[in-house]
Amino acid sequence: MLEIKTMDKPDERRDFPGGHLEALNLTGLHLAVVTLEPGWRWRESVRPIVGTDSCQVQHTGIIVRGRMRVRTDDGAEGEVGPGDAYVVPPGHEAWVVGDEQVVMYDVGGQMAETYAKSSDAGA
């Protein structure tokens, strides 16, 4: 079966303080296009929604614009920017670096399905 969807018409949009997520759901692919504003930080924006100490969603994707810093619960830390592919395990904190909006495409599926939903256990 051929499936084609446009990113201009996402299946779902989730707004949260300082950003939003647009999800496209196809057979075998759940794509999240995430936009985060300068100053966005997970613990201030999403933590109050999900109620966990750190983000419990695995992220897999690529940064299209802007820069983001990530710190895992075990202390590993790194920064991603335009053109960088990433895999970030559950158990981390993240924040926008600098004054440019971050845009990322997350293709791992978990982000499109559960991120920033209060009913899930820890996005």
Can you tell me how far the CZ atom of Arg47 sits from the SG atom of Cys55, to the nearest 0.5 Å? 12.5 Å
When you measure from the side chain of Glu3 to the backbone N and O of Thr27, does any donor-acceptor pair fall under 3.5 Å? yes
d(Asp106 CG, Thr60 OG1) to nearest 0.5 Å is 6.0 Å
Ile63 with Val33, same ILVMFWY side-chain cluster at under 4.5 Å: no
Show, in sequence, the C-alpha distance, side-chain angles and deciding distance for Leu26 and Met1, and conclude whether the side-chain contact (heavy atoms from CB on, under 4.5 Å) test is met. CA-CA 11 Å; Leu26 295 94; Met1 172 174 74; over 6 Å; no
Among residues at least two apart in sequence or on other chains, which ones pass salt bridge (charged side-chain N to carboxylate O under 4.0 Å, His left out) with Asp84? none
Would you call His92 and Pro90 a side-chain contact if the rule is heavy atoms closer than 4.5 Å? no
Examine Leu29 and Leu21 and state if one hydrophobic cluster contains both, with Ile, Leu, Val, Met, Phe, Trp and Tyr joined whenever side-chain heavy atoms are less than 4.5 Å apart. no
Check: Met104 and Met68 side chains under 4.5 Å, non-hydrogen atoms: yes
I want to check something: taking the side chain as every heavy atom from C-beta on, are Glu37 and Val96 in contact at a cut-off of under 4.5 Å? no
Is there side-chain contact between Arg14 and Val34, with heavy atoms separated by less than 4.5 Å? no
For Ser54 versus Gly91, what's the shortest heavy-atom pair and its separation? OG-CA, 3.5 Å
Answer yes when Asp53 and Arg43 have at least one side-chain N-carboxylate O distance shorter than 4.0 Å, and no when they do not. no
Taking C-beta and beyond as the side chain, do Val46 and Trp40 meet within less than 4.5 Å on heavy atoms? yes
In one Ile/Leu/Val/Met/Phe/Trp/Tyr side-chain cluster, 4.5 Å: Leu31, Ile62: yes
On a heavy-atom basis, which atom in Pro38 and which in Gly98 lie closest, and how many Å separate them? CB-O, 3.8 Å
With a 4.5 Å limit on heavy-atom distance, are the side chains of Asp11 and Lys5 in contact? yes
Within the 4.5 Å heavy-atom criterion, are Arg13 and His20 side-chain neighbours or not? yes
Has Ser45 got a side-chain atom pairing as donor or acceptor with Pro17's backbone, closer than 3.5 angstrom? yes
Hey, could you give me the OG1/CG distance between Thr6 and Leu24, rounded to the nearest 0.5 Å? 8.0 Å
Qualifying residues under side-chain hydrogen bond (donor to acceptor under 3.5 Å, both in side chains), relative to Trp95, sequence neighbours excluded: none
Which pair of heavy atoms, one from Arg65 and one from Pro82, lies closest together, and at what distance? CA-CG, 4.2 Å
Path from Val97 to Val88 over hydrophobic side-chain contacts below 4.5 Å: no
Can you hop from Val87 to Val107 via hydrophobic side chains spaced under 4.5 Å? no
Leu36 side chain reached by Phe16 side chain, heavy atoms, under 4.5 Å: yes
Lys/Arg-Asp/Glu bridge criterion (N-O < 4.0 Å) met for Arg67, Glu100: no
Residue Asp15 excluded, over 12 heavy atoms near CG under 6.0 Å: yes
Reported CD-to-CD distance for the pair Glu44 and Glu93, which is rounded to 0.5 angstrom: 8.0 Å
